Structures are given as C-alpha cells and as structure tokens.
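This report concerns only the one structure given below.
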Amino acid sequence: MSRLRGDPSRWAELFPEELVPDVLTFIVETWQEFDRPCDAEREPQITRRLRSALGSRLRHTQAVPARVLREMPTDGDDEGLVDICFCHGYSDEEYFGFEAKKLNRPSRHNADEYVGNAGMGCFVSGKYAPKQKHGGMIGYVMDGDCARAIENVRRHIRAHRLPLKLKRRSRVRRSTIVKHLDYVFETQHEVDGRRLLLHHLILAA
Amino acid sequence: MAMSECTTRFLERTGLADRDRRSLCRAQQDIDMLNFSSSPHAVRRAWDLLDLEAVYLVDNHPTIYLTSTARDVRTTYRRFWSHGVAPLLMILDDREVRVYSSLNAPVRRGEDIDAQSRLVGIFDSTADALELRRLIQAVETHHIYRHEHYRKHFKPDQAVDRHLMRSLAAARRILASGKTPLKIDIIHRMLIRMIFMRYMEERRVLNSAFFDRLGAGREATFAQVLVRAPTTDRLYRIFGRLKDKFKGSLFDAAELADEREYVRDEHVETLNRLFFGQEDLASGQTVLFDVYDFSVIPINTISAIYEEFLHAEEPENGKKTGAYYTPPRLVDFTLDLATQDGFDWSDSNKRILDPGCGSGAFLVAAFNRLAEAWCRAHPNAPNRTRLKALSRILTDQITGVDINDTAARITCVSLYLALLDFLEPRDIKLLTEEHGGLPPLLRKDGTRRADAPQTVVKGDFLRTIGPVHGRAFDLVIGNPPWVSRTGNENKAFDSWKKSHPTLEAPAKQMAAAFMWQTAAVLVDGGFACLLVPSGLLCNDKTSSFQRQWFSEHRVDQVAQLADLRFFLFQGSDHPCAVIRFQRKRPSDGDTIDYLGPKAGPTELNGNRITILPEDRKTISVADVIAHARSNDAPLLWFRRQWASHRDQRLLDRLLALPRLRDHAGSANEGKRWIKGQGLQPSGVGKASLPTYDPFWEPGARFLEARSDFSIVLSQHDCVQVPLVFRRKLHRRRDPRIFQGPLVVFNKGFSKFAFSSFDVLFRHSLHSISAPDADAVVLMFLTACLASPLAQYFALHCTGKQMYRDNPLLEEVLRFPFPLPDQAPGRNADTHVSAVGEIMTDLAKHLANSELRADAAIDKAKSQLVEHVYAYYDIAPSERILIDDTVKVLAKSTTRHPGSEIPTLHPPNSEQLEVYAQTFLDVFDRWSRRSKFKLSARCIRSDSAGICVMTFTKHFGKSDKRYRAERASEALDRILIRLTELLPESCGSLEFLRHAKVFDGDDLHLVKPMTRRMWLPSAALNDVDEVAEAILMSQRSAVG
C-alpha cells in the first residue's frame, strides 16, 4: 500500500485517460512483433506466449507503469483466472485485465464463446475487474479476417444485450480513445450500478 | 519543578516549543503520557535526580534531557551517564547551552568533565540558535550519530551497560585468579549482592542505622564498614542482616553458609578495593565501580547484564570469546512487538510467562510496564495499597521458568530490584516492617505444594510443570535457550522429543521445542513473542519444521534481526529473529508482517531498533508453507530481507526459471551434472574416523583455494598435489567431481573458473562437472556465476551476507539456470556459443602467458556479462537493480560496529542528480502523451542529515529539469509547508524524515541523507509508488 500523503488529483493530467490508450496501443504493437500462432496452438498457449512477450517488452520499454502478471486468482478460487493482467508496479493490485479467445477458427467463428460466460461474461458478472472501470477482451483471429470476426462478435453481443448488461442504447463501436488503431472496439456496460468500459482488441493471427 | 525562563526561551528559539506531549515532556506529569517503551519509570527517576525541566523524545525514545538548574555539573553528568537512557543532556543558562553525550567514557575522580569528548559542544544561547536548531534536526533524523563533526562524541562501547559489564567481568577475573581463586558462581552471587547493597544504599533505603547495628558506628556507610574491617565475617554479617531484613527469596541461607566456607578475607579485601578503591582492573587506571550511581541505573539494564553471568558459568563458554547479553533495547523491541495490538497492561487478570527466563530481563521489563500501568491508573493510591498491588503483580501476574538454578535466583533478585525501584524508601520501610519483607518468589524444582510461589519456577519448561501448564497465559515472551548438545539442556530436549516424536525440531534446536511447547500454555487470543535463532528460518534443513510449525500456528509478525547481529550482541555472533504467534491454525489469506531492520544510525549509537518503511514487507502464510513444501523455506525469508518491490519482480521472474539443481546433483542422484566438494586430508582430531586412499594418478594437478584463479583455469594456476593429501583422505570423494570439464568455485562465492582438464582441489572449493558434450554450456554457467547477476542472486536468495559469510552449496544450486532451450532471452544458443568462443580464446591466451593476464580477463568479463544479461533477458532498468545491489547493498550487510556501511554514507551531489534523472526519465516516458512535464529541485541539509526532492508539474517543458540547493532557509520553508500539510508532525523531522507528500503541483519526497535512500533503484521504486497513487486516485466510474 502506498505511503504517499496528500491529494494527487492534480497530477492525473500527467496520465491522460488513465493510460488506457497506452496499454491498448502497447498490446497491439507487441502483437505486431509477435510470432503469429496457428490454429493448432491452443488459446492458453498463445496467451502464455503473448503474456511473456508483453512482459519482456514492458520491462525493456517501460511503456506504462505496470507489470504483466501470470494468471491471477481474483477470489481465491482457482477457476476463472484473468488471462493477461496488468498490475500496478508497486502494490501488485490489478490495474487492467484481459480475457483472450480465439475467433474465426476453421470449424467455427467462436464468437459465442467470446461473448459467453467464459468470455465477456466474466467481466459483467463482476468476477473479473470487480473494482475497475476498464476491462479488455482480446480476440485472436485465426484466419486473419478481422472484419468478419468483429461482425460475428457484434451480432452475438446484440443478441445478448441483457445478460451482457449493455448500457441502454449503446452498441459495439470503434474505440473512442485509440482512434488511430484498426480493429479496436469498445462496449459500455452497467454492472451493479458501476459503469464498465470493455475494450475489444481484434488481432489477426 | 516549574520551567525556568532560560529553558522556555531555548525551546522557543529552537522550535521545540511547538512540539506536543508525544515528543516533549515539559513537566513531570507529562511522563504519564509516554508510552511504555519510552521507559517512563526510568525517566521519572531521572527527572528527580537530574533536576530536569524537559525531556525531548525521538521515535518515542527519551533523547535529550534539558536542565538549567544543575547545581553540580559533575554529579549531574555522573547520574546522566549512569542512567544511560537518553544520549544527550543539555545544561542551559542565560548565556550558553552545554551539550553532553552519555555514550562516552564516565567521568573519573579528578578528571575534567569536559574531556574525553563527553562535551558535544557549547553554544551561545542567542547567537547560535540556528546551529542549535540544526543540531536538534540532526538528532531527529539520527544523523548526529554519523555526522562527521559529532560522531566522535557517541561511542556505544562506552555506554553504562557495556561499561558495567566490563567492570563485572574484570572483577570476576580478579577474584577467579590469585592464590585462592573463587568459583565463578560464588563470585557472581557476591557481585550481585554487592550491587544490591550499593543500589539500596544509594537509594537511601539502607542508611546508617542499618550499619550501626553491625557495630560500625552511627555515621557508617557500606564503604566505611568494609574499609574498616574487610573481613569475611563482617561481609557475611551484612549479607545475613540483609537477608533477615528483606526475607523473600532474596538470599538463600544454605547458600550463604556454603559460600562462607570458601570466601577468605583476601577476597573481601579485593571486593572492597574493587567497589570502593581506586584501582581500575580493566585498564590499570583509576576507579572501577565508583563511576556508577546505582540509584539511577535502570533495573532492566542491571538484570540484562546479569545474563552474561549465566553464559560465563556454562562450561563450554570457556572457549568462546566475548561476553554478551540480551540488550534492553531488544527486550523492549520484543515486548513492543508482542503487545502492539493494545495489550491492556492495567488488567490485573493478565498473566505473562517467560519460559526460559535467564536473568529475568523480559520479566523485569514486563513488570515495569504492569507496575507503570497500575500506578497511572491509581495516581492517588495510599502507600500500603500501592505496595500490596505491586507485590501482587509480582506474585500473581508474572511467571518465569528456568532449568538453571543460578538463573532462577538471579531472576528473583532482578524482580525484587524492579519492585523496590517502584517504591519510595518509606514504602520499603513499610514492606520490611509491616509486610514481613519481600514476597517469596522462588519455586524449587519438583515442589508440589499448592501455596508454593509461582513467580520464578526452577524447572524444565519442556516437561509439564504444575503452575505453568494448562493454557494460563495471555502473553508468552522471552529468549528461550538456543541449541545445546551438552548437559541438561540436551537431556531436556531428548526427553521432550521422546514424548513428541512427530514434531519437527531441526538440529536438536531447543528453541524449536520451546516454540512448539509455548502454544500449550497460551489462552485463546493470547500471543507469544519469542526471540529465536535466525537459523530456524534460514537454515537449509528447516523446511519440514517450517511447513509443520507454520501450519499449526498463526504467525502474524516476524522481525528478522540478522543484519543487526553484531550490533545487538557485541563480541558475539547471534543472528536472531522475533516471531509473534498465536495458538491457532492459520486461515486462507493470512499474512505475516515481515520486518527486516538494517544497521542504521540508531544502531550506531547502540540505542533503538528502527524499522524503515523500506524494510517492512508482507508475506502470505500460504507462501511460507508452499516454499517449505518445495524445500525452499529459507529462500522466502532471504529474498524479503533486502529486495525492493522492483527486486521482487526480477526475482519472481528469475526464480520461475529452471534452477541449477535441476541439472546438477550428487554423484548418486543420477543428474546430468555432478556437484561436489573438494578433498579433505585426514589429520589431527580425526584419528577415530575412517580414512580413504588417494585415487588419482601421479602427476595430477591441484588447485589451491587461495590461488588467484578467475574465469578459466590454466595449467599455471595449478600445482602438485600437496603432501598432506597424498597419505589418507578424511572423506570419500567421487573422482568424477574432479574430472574436466568442470566449473570450480570457492565457498565465499567470489571466485569462479572453468577447467577443461581434470583438477584436484581442497574442500574449501566446490565443483560442478559435466560430460564433454556440455563443455560449452558449462563455460556459460561459469560466465553466469562470475557475473553480477549471480552476486545479486547471492545477496537476495542465499544466506550469504545476511545470515552467514558463505552460501551453502545447496543455496548456490538454487541459482536460476535455464538450458539454452529454456532461456527467456532470444537467440540463447548464439550467446552460449559466443561465451564459449570468448572463454576458449581467453584459455589460449592464459596458456601462453606465464603471468596473470588481468587485462585480458577483465576484457573477457565485460564481454561475458553482456551475453549473460541477454540470455536472461535483463532489461536496462533491471541492470540498475543489480548494480545497486552489488555495488552498495552487498557491501553494507551484517556489518560490525565501527565498520564502513556504504548504505549510510551521505549521497554526493552527482548521486542525487542521478536519482532525480532516473525518476524523471521513467516518469517522462509514462506521461509522454501529456502536455505536462516534471522538473526536480533538490534541497539538502548536510547538518540536519535530510534531503528534500521536490518534483513539480509544469505545462510544457521546464527550462531547467534539475536544480540543487544547499540553502538552509529553503529547507526551513519546505519544512514549514510540510508541517502545514501534516500537522501531526509538529514540525519534527522525526515525523517528516520519510514523508512523501502531494502538494498541488508539487510532490515532496523527504528522506534521510543516506545513500540507500537515493540510489537509482530507489528512484525506480519511488516512481512506481507515485504512479500507482495517481492512477488509483482516478479509479472512479466511467462518465
């Protein structure tokens, strides 16, 4: 726990938008240098490699004040672990967590899994990011067709508006905070009175 | 006593007038506000005897005594020095302030009071006000004890406790030598009685009437009685009279009669000379015991020193050097830790136990707190009521157990002294005349009578003792006996082990048995706080004990004091830890508050144990048990000792890699590589042990441990096998240990070399040998072990420099060493090959050179380290951590008093700038999208020992990114501002010296002027903390 005293609110403008754009950009840039997976590689294995690449790059570049941890239990329960967890550098408290899923696999589009209980559902149930106002989904698009992947995801989200606790009249939209990046989207949710912004990184394998 | 005008003016001029009662006692009744660790009873006594007008406290410790009415400076100083609680005395008058140190030689008869550096300085009350202010600031930051100008005035070795211990040891030597040497136990009993007499006389409890009845005359004193007739008969009549007067368990009649048989007149003459003569036994100069004023020496100091008597009486201690005892500050530290959650000292139902009480130091400290609490709760109690209540505390609330008869008796005397110290002479008169003397305290071994005393039980705590066992104590404290393989203690351990065969206690460690047994006597909700050897946490064979014990007990605090071991126990090496625990199993998520204090200025002055925020960590109990399960329990404690948050991240990453032990093991483990230790010759003292024949061919090469080998062995490094090895060997060694290719390294983990050929070496060297196919990987391993990374690992993950001088081979084998296909860095094979080429070239170079080629070795080392870092994917920011550890921290661990401690050196201007630039560089990177930037301004005060680094937020870039000042006015302005922001600090640097405060567009970091606080690695940790505070403050709902 920090030993700092006083009010740091005037220092917030040094970290515009809480550095969320920096984290999203950092992941996309890391992906660009990443050894692309094939469908035979299981999602946990891809995520493990990505996590390791993010960690190494973050240590070298110090791009954001965080560290990338391995899967972290959120409630002492071994089941349901955040795939990629950016934690604060000092106390290890969770800062930004991501759940990763494959999309556009040869046999199926997999958008249902992306949107379902083990995907976005983890955030809207409060299991992941229970105190945060941001969370993230990463889709590994196995056939590289990101436009089709996001369309499938968009359709499934529309179909599950209620269980996904989407904010009224909101929809899947292009990211409003990282406009320079392709295939980064966001959805707004209202989880137990708390507003949650989910960022969707659609990454072509 | 009302405060004089000059003292009032002094407080105003120096800024002390603003301090609240937590830090400044202005009247004697303010002492009631002090917490118990501030020695309030001792301060109260000093207040009267030294005519004090104010007491200034730093870190709750009485630090400066102020008086303006010292009638006789010599007497005042003698009492101040004998008191030994506060390090500084200020004697004020209208014109000047004289400052004296108690950490200096006592004043001897005829000696100038201002000599021997006792006088710290004379200041003009008006003209030197600013200088005095700085002096007080230096006291608040503890900088004064290492300040170039002042440090010569503070010599802990000259403090009253160590001085008295030396005097007693010298007296023992004299009485134990000569024509008719006395037995040590008799000497100790006589010395204890002599000090008791001196104490009672100087407190005016024993007056001329007492001595008159011995026929010494109406005006007689103890000294006069002895001087007139220094005979055994006279002395034992005095002792007998003392026994009759005070009764209780003070002196044993049979013991007195027994001693009388051995003590001759010449011994009494010697005692007389020692206590009242002018001969100094230690140095041959004048005066031994008359430098002391026993009326003011705190009783806990005396009882602690008596512990040294117990060590001296143990037969095996004849071989050991140095005398030691549990210093009062360690006793207070343990008690503070034990009771930090609000133990109610005024509750007369609370019961406290010391299961191995020794000389009673812990019990005396506990009694002092209980008695202080009672007196505060009953300020107007009549004498008789107070006498009864304090006696009841002694008989009903405190229990000590010791198997040693002398210990039990010394504890009784110590507790009596503690009781008498709380009583006025008129109370003591009541005690002896109306209450039948002191209450009996001693319960002899095997006593079954229900009405027998229960305060000091002579017996074995590990066996069931009626009054002790049965979950009866709210607090168990103490320093249980440490390992002993001889005598009664060993029998006690064996007997305990026999009845508890399933409980782990490594190396027959008595303290471990006490840890197990303690839970059985705790009430639900009660706490135990024991001082135990660090080895119980840090020894390599303790994992199964830790797994079992931590699973059965709820441990919530561990204070690892290994770094202070040479400060706490001067002349002896006792790394120790304090463990606080309860009688219950831990729950999920329970954590341990881990404290790892380091030698700092307060240790330099032999004063308090101070814990910096950086030395406070949290460890989960589950983590302890998990490490213990994987046989790595010590590793967990090692890596919490010095490692910062950033270090923890790097260590987490490194320790997730395969370890050297995954590839290397003993010859019979069947691993890829063989580890081993060198040859040991059969020799003196090993005659009864089996011996083994040499196994090598004639002409074999041998590497001497003291040889200056490095990186690659050449033939020039080797010699013929010494004769001593050619006869017989002490232990059997597998010849493969010596077969090249191998890497050889010394026990100190400071010299490493790869050898492509077979080589023999002695047992102070270790090796790891491998098949020929692994030669290049072994070269790479050599490069790794010789790199700063391995030294970094050694500091954070082995016992080296924390607990013992050399890491164990098992600890070295924990070194993370992935094979090339497991390495985290890219192109691992390339780096391994490159290292192979560099080392092969170096080997060729060395083979062709008769002389050591230092330049070639240095060049190779600098190339090798780059490949090692690349292999482990070490980032530039991680190199900063490694460099700081190797260059500064590793040279500052477990230092001896008087030695250099680089972490405590003041940082120079350049180092402060590097700190600021490191902070700014990282912050700039994180805030790159912001329109705002930071600049830094450093204000240092060398006299106050404090530095303030202020980071300021600007729109756009600042003209000057970093500025440094030495202006004292600027420091004062900042301190005034910080006092406004943190009003609870009252402006004292004590509360501001580790402040980190956001103030609008400014961020002030206030830290002591010590190198450790301003390392580049400290900047990295600080910038993490600042960034997190900013980001966490933004955690609110999305708009």
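None of the values given here were measured: they were computed from a predicted structure. In what follows, every chain begins at residue 1, and chains take the letters A, B, ... in the order their sequences are listed.
Other residues, nucleotides and ligands contribute at most 12 non-hydrogen atoms within 6.0 Å of the CZ atom of B:Arg585. More than 12 heavy atoms of other residues, nucleotides or ligands sit less than 6.0 Å from atom CZ of A:Arg155. In A:Arg42, the CZ atom is not crowded: 12 or fewer heavy atoms of neighbouring residues, nucleotides or ligands sit closer than 6.0 Å. Heavy atoms of other residues, nucleotides or ligands lying less than 6.0 angstrom from CG of A:Asp39 number more than 12.
Using a 4.5 Å cut-off between heavy atoms, B:Phe951 touches chain A through backbone and side chain atoms alike. Looking at B:Val922, the atoms closer than 4.5 Å to chain A (heavy atoms on both sides) all sit in the side chain, from C-beta outward. There is no contact between B:Asp999 and chain A, counting heavy-atom distances below 4.5 Å. The contact between B:Asp873 and chain A is made by backbone and side chain atoms together, counting heavy-atom distances below 4.5 Å. Residue contact with chain A, scored on non-hydrogen atoms closer than 4.5 Å, involves the side chain of B:Leu982 exclusively.
Here CE of B:Met1032 is found 12.0 Å from CG of A:Leu4. Values are rounded to the nearest 0.5 Å. Atom CD1 of B:Ile874 and atom NE2 of A:His60 lie 8.0 Å apart (nearest 0.5 Å). Between atom OG of residue A:Ser56 and atom CZ of residue B:Arg826 there is a gap of 7.5 Å, rounded to the nearest 0.5 Å.
In plain terms, the two heavy atoms of A:Pro65 and B:Ala1027 that are nearest each other are CB-CB, 3.7 Å. A:Tyr90 and B:His645 make their closest contact through O-ND1, 2.9 Å (heavy atoms, listed as atom of the first residue, atom of the second, distance). Between B:Asp1002 and A:Trp11, the closest heavy-atom pair is C-CZ2, 3.6 Å. Counting all heavy atoms, side chain and backbone alike, B:Gln1034 lies closest to A:Lys133 at O-NZ, 3.2 Å.
Looking only at heavy-atom pairs under 4.5 Å with chain B, the residue among A:Ser9, A:Gly6, A:Ala63 that has the most is A:Ala63. The most heavy-atom pairs under 4.5 Å with chain A, out of B:Arg928, B:Lys933, B:Gln648, come from B:Arg928. Counting heavy-atom pairs under 4.5 Å between each of A:Ala12, A:Gly55, A:Ser52 and chain B puts A:Ala12 at the top. Taking chain B as the reference chain and counting heavy-atom pairs below 4.5 Å, the highest number among A:Glu17, A:Glu13, A:Arg10, A:Arg59 is found for A:Arg59. Across B:Val1023, B:Leu934, B:Asp588, B:Leu981, the residue that shares the most heavy-atom pairs under 4.5 angstrom with chain A is B:Leu934.
Under the 4.5 Å side-chain criterion, counting only non-hydrogen atoms from C-beta, A:Thr61 is not in contact with B:Arg925. Between A:Phe96 and B:Leu1031 the shortest side-chain heavy-atom distance does not fall below 4.5 Å.
Panel note: side chain B:Trp926, backbone A:Gln62; a donor-acceptor pair is recorded below 3.5 Å. In terms of modelled atom types and a separation under 3.5 Å, the side chain of B:Arg929 and the main chain of A:Pro16 share a donor-acceptor contact.
Ring centers of B:Phe932 and A:Phe15: at least 6.0 Å apart, outside the cut-off.
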